[in-house]
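Note sheet for the following structure.
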Amino acid sequence: MKKIINNIVSILLKVKLFLVKIWTPIKTFFKKKVNPIILIILKYTGLLWVKKQLNRLPNKIKKAIYGILFILPWLIGMIAIGIPILAKSIRMALSDKYYYIVNQGWQITGNWYDFTQFKRIFSDEPYHLTQILDTLKDVSLVVPLVVIFALILALMLNQKLKGRAIFRTIFFIPVILLSGNMLANFQSNGLLTVPAIANGTITSFLTDYFPAIFSEIVAQAFEKIVLILWLSGVQILIFLAGLQKMDASTYEAAEIDGASMWELFWKITLPALIPLMYINIIYTTIVYSNLSNNAIVSIINSSSDASGSLAGTLADEVNYGRAYSAALSWILFAIELTVIGGYTLVIKLASRRYE
Amino acid sequence: MNSLKSMNLKRVLLGRKGNDGLLFKIVLYILLTGISFIFLYPLLSMLSMSIMSLEDLIDTSISWIPRNFTILNYVNAFEWMNFFEAFSDSLKVSVYPTLATVISSALIGYGFGHYQFFGKKVLMGMMLAMFLIPTVLTYIPTTVLYRDLSIFGIDLQLMDSIRAFWVPALFGNGIRQTIFILIFYQFFRIIPHELFEAAEMDGSGPLRTFITIAIPMAAPAFLICGLYSFVWYWNETSLARLYFGSVYTTLPMSLESYINMYRSMYSQGQVTLDTVNSIYNTGVQYAMTLISIAPLLLVYLFAQKWFVEGVDRSGIAGN
């Protein structure tokens, strides 16, 4: 393995040398032939004048202009793609029906201020309402667990151990495997669990020796723990990056003063990781509430995706159509905001004593 | 004497600081190995099932090691998936958008990280807010919009083409691109300003400073973002189906349609455990799954050395 890597590295070095070799004639060619042409073009299009004016501007404004030029792709994307999508989905959620007629384009019925779909969800669809509440419960249970587990695992991986590199390699495998529909695939085949849990060995052991309520909760937690571990790949990475950044001398100083490992964790490590905790809460909430095994997401998928969202005609709008799904996904968005807001507030209040 | 011995024992077991004792190490190793097993379990069990013959798959007494080793499942999987075509489609569908994502994320991240301008915080807040919006919410409006999207009066004709993936990525609207922009933002923010000032003193323009100073400093960020976005585009099936399902069939898309077909046959009773078919069975399904993720695992195994080091180093500026 090492040999192969070394070979690849040496090949890459050779390629680099070769590139440097051919780069010099290209550079001189550009300097002699292309640059004058560009200069002429700049001169006649008036861009040279713009450049001169730019150079005259104070440094601060010049830099601001450069900054905006660098983020220009994002600005264009925001105006041309991001905001229109948002506007369309809001309009969709606030309509009675949203359908496509060939040669006439998209048709919208209903006034936006009627909030038809939202009224429908909250008064006519008790089953979907319970699903929404379950999702809220589920997300608000899983998110803190993922963050806490990720923190523990990152701390574990940060210890000086033999074979640390192997463990790290294995711990990031979920990141590679869990995207797209892979998670749903794995889950439906029962691969995201451990045989002892799947076969009910642990469950039967628990029910034999413990009261029913207790064993049920623990068994469910076991089921969830595997999923939680699978979900915590990126979060571990983020925490690890933060842990690596920490200054070793702070720890040494605290150790000399006689701080225990426990104190080190609560007084030095944790406060430094709080900003990353916000990032992880946001990330986990987004990823977890968008998984295809989420109740709301599966309602949306089954109601709007099956008929093909592009060719959706009026007939598809009879049951749970595009408008209904859009309203549901805005509720999902509200759930995300509630969870993120709630836990951010909790951490903010809890970390007050560090300030 | 005796008390000294017990003290020594205690020190060896528990350590002096709490995290260097033998007991601590043992517990740590047990936990890490257990969790590693959980992560490896799907891969291992798929591997073992994919080399089982039909009889072994039905036989419940065999759980891990097949009695009759076979590669027939892989042969069938290769044929069903039309491997080489699907593989080249997969590469096309993931490499171009990855390049677009990395380039535009680096530019945008640099703009946000290195420069100060009016309204920067508001814009970044907007970016984060857009990131919070559920992806399902955007599916339908996106397809509606992409059908006749034009930027600067140029009709982009995104539908039925990979452009539906890479053009939005070029404008900062790729799959989960906000994360990449934020990673680059963090990287460019921590590069010492003296370096840039020195370059600007020497008369280097903004683009040149970016290419010669900022990019080499953020090599780990390029690696992380490249790897992640490659994986995410590779595994994306629902968007791919919406945008260019009729033109390209990637490996994961092919796997998905196989699973759907298998399921519908199973529910109609055409395939049952007694009449297992040599083409539609769990062994072939797992062989296919492994084939479709094998390229990712290979890329990861080669990149992980730099990947993990990159994470280590990401904090240390000027290294």
Side-chain angles (χ1 to χ4, degrees), chain A residues 63-64 66-68 70-71 73-74 76-77 80-82 84-85 88-89 92 106 156 159 161 165 167-174 176-177 179-182 185-186 191-192 194 226 229 237 240-241 244-245 255 260-262 286 289-290 297 300 304 309-310 322 326 329-330 332-333 336-337, chain B residues 17-19 28 31-32 35-36 38-42 45-46 104 107-108 110-112 115-118 130-145 149 151 168 170-173 206 231-232 235-238 242 252 256 259 289 293 296-297 300 304 308 311-312 314-315:
Chain A
K63 286 213 157 164
Y66 288 150
I68 289 170
F70 269 107
I71 65 159
W74 178 79
I76 295 170
I81 301 172
I85 285 174
K88 272 205 173 70
S89 79
M92 218 175 260
W106 289 92
M156 272 158 64
Q159 300 289 331
L161 286 172
F167 283 128
R168 282 189 183 187
T169 309
I170 296 172
F171 272 50
F172 294 138
I173 284 179
I176 305 290
L177 298 186
S179 52
N181 285 343
M182 257 341 157
N185 270 352
F186 280 7
L191 288 173
L192 284 192
V194 173
V226 177
L229 287 173
L237 199 76
L240 255 186
Q244 307 284 349
K245 250 191 240 176
E255 262 169 35
S260 68
M261 191 181 78
W262 193 244
I286 293 170
S289 46
N290 281 308
V297 174
I300 294 169
S304 72
S309 8
L310 266 182
R322 225 163 272 105
S329 33
W330 276 106
L332 184 60
F333 181 56
E336 277 179 36
L337 282 188
Chain B
K17 284 183 292 181
N19 68 346
L28 204 61
L31 277 175
L32 286 174
I35 296 165
S36 302
I38 289 177
F39 288 155
L40 287 177
Y41 174 72
S45 85
M46 279 197 297
S104 70
L107 284 172
I108 298 162
Y110 185 69
F112 277 129
Y115 293 105
Q116 305 296 328
F117 49 85
F118 180 72
M130 296 288 280
F131 184 51
L132 294 182
I133 293 167
T135 37
V136 270
L137 181 66
T138 59
Y139 273 15
I140 304 156
T142 313
T143 41
V144 174
L145 183 82
L149 180 70
I151 292 177
L170 208 56
F171 293 103
N173 273 292
V231 168
W232 284 337
N235 280 342
E236 185 55 59
T237 47
S238 11
L242 275 180
E256 206 179 64
I259 290 173
T289 315
I293 58 177
L296 298 181
L297 286 176
Y300 175 63
Q304 65 88 17
V308 174
V311 174
D312 286 1
S314 64

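In the text below, chain A, chain B and the rest are named by the order of the sequence lines, each starting its count at 1. All of these numbers come straight from a predicted model, not from anything done at the bench.
Note that OH of B/Tyr115 and CD1 of A/Ile68 are 11.5 Å apart. Values are rounded to the nearest 0.5 Å. Atom-to-atom distance recorded for B/Leu31:CG and A/Met156:CE is 4.5 Å, nearest 0.5 angstrom. Separation of atoms CD1 (A/Ile170) and CZ (B/Phe39) is listed at 10.0 Å; rounding is to 0.5 Å.
Both the backbone and the side chain of B/Ser36 have a heavy atom closer than 4.5 Å to some heavy atom of chain A. Proximity to chain A (any heavy atom under 4.5 Å) is shown, for B/Phe118, by neither the backbone nor the side chain. Proximity to chain A (any heavy atom under 4.5 Å) is shown, for B/Pro252, by neither the backbone nor the side chain. For a residue to count as touching a neighbouring chain, one of its non-hydrogen atoms must lie under 4.5 Å from one of that chain's; by this rule A/Ile286 touches chain B with the side chain only. Contacts of A/Ser89 with chain B are made by both backbone and side-chain atoms, with heavy-atom separations under 4.5 Å.
Here the shortest heavy-atom pairing between B/Gly111 and A/Phe70 reads CA-CB, 3.5 Å. Contact record, B/Asn173 with A/Ile81: ND2-CB, 3.8 Å, taken as the closest heavy-atom pair. When all heavy atoms of A/Phe171 and B/Leu32 are compared, the pair lying nearest together is CZ-CD2, 3.5 Å. Looking at every heavy atom in both residues, A/Trp74 comes nearest to B/Gly172 through CD1-O, 4.2 Å.
Among the candidates B/Ile293, B/Leu40, B/Leu296, the single residue satisfying the side chain to side chain contact (heavy atoms under 4.5 Å, CB included) test with A/Ile173 is B/Leu40.
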A/Phe167/B/Ile35 under side-chain contact (heavy atoms from CB on, under 4.5 Å): CA gap, chis, key distance, verdict
CA-CA 9 Å; A/Phe167 283 128; B/Ile35 296 165; over 6 Å; no
